K.L.:
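Before anything else, here's the structure in question.
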Amino acid sequence: MKNKLRSNLLLMTTAIIWGSSFVAQKAGTVLEPFTYNGIRMFIGGLILIPIIYIFSTLNKNQSVEKKTAENIAAEKKILLIGGIRCGIALCIATSLQQLGLYFETTAGKSGFITSLYIVIVPILGLFLKHKVKPIIWACVAMGTVGFYLLTMAGKGEGFVIHTGELFTLLCSFAFSCHILVVDYFSPKCDGIKLSCIQFLTAGLIGIVCMFLFENPILADILDCWLPILYCGIFSSGIAYTCQTLGQQDEEPAVASLILSLESVFSVIFGALLLSERLTLLEGLGCVVIFIAVIIPQLPSREERLKKKIKRSEHKTNHFTAKGKAFNLTTFPFHLLSKNPVRANLSERD
């Protein structure tokens, strides 16, 4: 129970930091997009280096399977390739997001539009021959309606998407591609090391683009030190570590639901710190998008049933008394008010 509470608090901290980072990114729009993005990403990668060292030190005493030199070399190669590819995808996604904020998209709108990647990922998975649940198509329709309410409805401009909102929508597609790339490489290597390399790669690409396409001014960069460091240190290093630790003792579905609150916190912090306000239709659009994002993460009836059966089997296999296993076929359940296994199933319906 304590582990669950600790995990939920860590995941909630992650969602709060990520939600508030939209405000920091909005404050960073005094700089040109590649300048802000490149520097904060590179700082994020540097921050993860000591965290990697700490985790490696803590795990030293744990028994580790011995690996041959060939296996170690292969792991390092896949880590480097994966980190670079993830970094390229991350750079594209975050640059589009920063461009959206640069062209007047509010922090709250950016948070909700970006969250559409949760609905987009399964659709893009079709190209990788992944199966898509029928409910996803309903969520796509809901997400489209929510996007319309958030960006177009009630403005008297018809079906017109503003530049910033278009960049942010493209960013949600780019984040979807990034997630598919991470999904491919993350099972093959250490998650924090992969993240470190991807942040450093994204940062280096951003810095190169900064010098190629923008006119960075050192004085402006120094004046923007707080938003840069907040996103670099908190959004990257601290939040990612909280996410990693939080997911150790929590189910993926629950973890993803908590992390989805990032978009809600982006609106809250945007209102509190930037005095951003949503119209009634924009607020309704946020609600519709949030529902569309939450539904795909809820376990289906079949998944819940399988989980219950698995838990009941686990409980049956471990039903012991004084070191001796009960024979459940002859145990006098009529002496009990409830069959403990069946009670477990019924209470979770």
Side-chain angles (χ1 to χ4, degrees), residues 7-28 37 40-41 44 89-90 93-94 96-98 100-101 105-121 139 142-143 146-147 150 165 167-169 171-179 182-183 191 195 198-199 202 227 230-247 250-274 276 278 282-283 285-298:
S7 293
N8 290 342
L9 288 174
L10 287 170
L11 292 169
M12 185 63 74
T13 300
T14 303
I16 291 171
I17 292 174
W18 282 347
S20 61
S21 69
F22 282 96
V23 174
Q25 287 181 251
K26 187 64 180 177
N37 215 43
R40 66 113 169 179
M41 282 288 170
L90 181 64
T94 53
L96 288 168
Q97 186 180 64
Q98 194 63 25
L101 289 162
T105 302
T106 64
K109 280 187 180 181
S110 182
F112 270 95
I113 296 172
T114 301
S115 70
L116 286 171
Y117 72 83
I118 295 175
V119 178
I120 297 170
V121 166
C139 293
M142 288 179 65
F147 180 76
L150 184 59
E165 292 159 353
F167 276 124
T168 310
L169 181 61
C171 131
S172 67
F173 278 92
F175 268 120
S176 301
C177 295
H178 170 252
I179 287 170
V182 172
D183 183 62
S195 187
Q198 78 164 349
F199 277 124
Y230 184 83
C231 277
I233 296 173
F234 284 85
S235 182
S236 303
I238 294 177
Y240 183 82
T241 305
C242 287
Q243 181 197 13
T244 303
L245 294 173
Q247 287 189 235
E250 190 51 275
E251 298 170 13
V254 177
S256 62
L257 287 172
I258 295 173
L259 293 175
S260 295
L261 293 173
E262 168 194 359
S263 58
V264 177
F265 286 119
S266 71
V267 170
I268 294 172
F269 283 107
L272 292 176
L273 302 179
L274 300 178
E276 294 178 351
L278 296 173
E282 288 173 342
C286 289
V287 172
V288 174
I289 289 175
F290 188 66
I291 294 172
V293 164
I294 289 295
I295 290 175
Q297 300 176 80
L298 298 174

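Nothing here was measured: the structure is a model prediction, and the numbers come from that model.
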K.L.:
What closest approach, in Å, do Pro227 and Ala24 show between heavy atoms, and which atom pair accounts for it?
P.N.:
CB-O, 3.3 Å
K.L.:
Do the rings of Phe290 and Phe112 sit parallel, tilted or perpendicular, given the 30° and 60° boundaries?
P.N.:
perpendicular
K.L.:
Check whether any side-chain heavy atom of Phe175 lies under 4.5 Å from a side-chain heavy atom of Thr94, and answer yes or no.
P.N.:
yes
K.L.:
List in chain and number order the residues that pass side chain to side chain donor-acceptor pair (under 3.5 Å) with Ser21, two or more places apart in sequence or in another chain; answer none if no residue qualifies.
P.N.:
none
K.L.:
Holding to side-chain contact (heavy atoms from CB on, under 4.5 Å), I want the full list of residues that pass it with Ile291, two or more places apart in sequence or in another chain.
P.N.:
Met142, Val287, Ile295
K.L.:
List for me each residue that meets side chain to side chain donor-acceptor pair (under 3.5 Å) alongside Gln243, sequence neighbours excluded, and say none if there are none.
P.N.:
Gln247
K.L.:
Please name all residues satisfying side chain to side chain donor-acceptor pair (under 3.5 Å) with Gln97, sequence neighbours left out, ordered by chain then number.
P.N.:
Gln25, Thr114
K.L.:
Which heavy-atom pair separates Ala93 from Cys171 by the least distance, and what is that distance?
P.N.:
O-CB, 3.7 Å
K.L.:
Are any of the side-chain heavy atoms of His178 and Val182 separated by less than 4.5 Å?
P.N.:
yes
K.L.:
So which atom in Thr105 and which in Ser110 form the shortest heavy-atom distance, rounded to 0.1 Å?
P.N.:
CG2-N, 3.9 Å
K.L.:
Mind checking what makes side-chain contact (heavy atoms from CB on, under 4.5 Å) contact with Ser20, not counting sequence neighbours?
P.N.:
Tyr230, Phe269
K.L.:
Would you say that Phe22 contacts Val267 through its side chain, given a criterion of any heavy-atom pair below 4.5 Å between the two side chains?
P.N.:
no
K.L.:
Let me confirm one number: the CD1-CD1 distance from Ile118 to Ile179, rounded to the nearest 0.5 Å.
P.N.:
7.0 Å
K.L.:
What's the spacing between Met12 CE and Leu10 CG if we round to 0.5 Å?
P.N.:
11.5 Å
K.L.:
For Ile120, check side-chain contact (heavy atoms from CB on, under 4.5 Å) against everything at least two apart and list the hits.
P.N.:
Leu116, Leu124, Ser172, Phe173, Ser176
K.L.:
Go through the structure and list residues passing side chain to side chain donor-acceptor pair (under 3.5 Å) with Ser235, not counting sequence neighbours.
P.N.:
none
K.L.:
So, using ring-ring contact (aromatic ring centres under 6.0 Å, His included) as the criterion, who are the partners of Phe167 when residues are at least two apart?
P.N.:
Phe103
K.L.:
Any side-chain to backbone donor/acceptor pair from Thr168 onto Ile113? Under 3.5 Å, distance only.
P.N.:
no
K.L.:
I need the Leu90 CG to Gln198 CD distance, nearest 0.5 Å.
P.N.:
5.0 Å
K.L.:
Quick one: closest heavy-atom pair of Cys242 and Thr13, and the distance?
P.N.:
SG-CG2, 4.3 Å
K.L.:
Can you list everything that forms a side-chain contact (heavy atoms from CB on, under 4.5 Å) with Asn8? Sequence neighbours excluded, please.
P.N.:
Glu250, Val254, Ile258
K.L.:
Within this structure, what is the CD1-OG distance for the pair Ile294 and Ser115, rounded to the nearest 0.5 Å?
P.N.:
9.0 Å
K.L.:
Which heavy atom of Val23 sits nearest to which heavy atom of Ala107, and what is that distance?
P.N.:
N-CB, 4.1 Å
K.L.:
How close do Cys286 and Leu278 get, counting heavy atoms only, and between which atoms?
P.N.:
SG-CD1, 3.7 Å
K.L.:
Out of curiosity, Phe234 CZ to Ile17 CD1, how far, rounded to the nearest 0.5 Å?
P.N.:
7.0 Å
K.L.:
Hey, is the main chain of Thr106 close enough, under 3.5 Å, to the side chain of Lys26 for a donor-acceptor pair?
P.N.:
no
K.L.:
Side-chain contact, heavy-atom cut-off 4.5 Å: Trp18 with Leu259?
P.N.:
yes
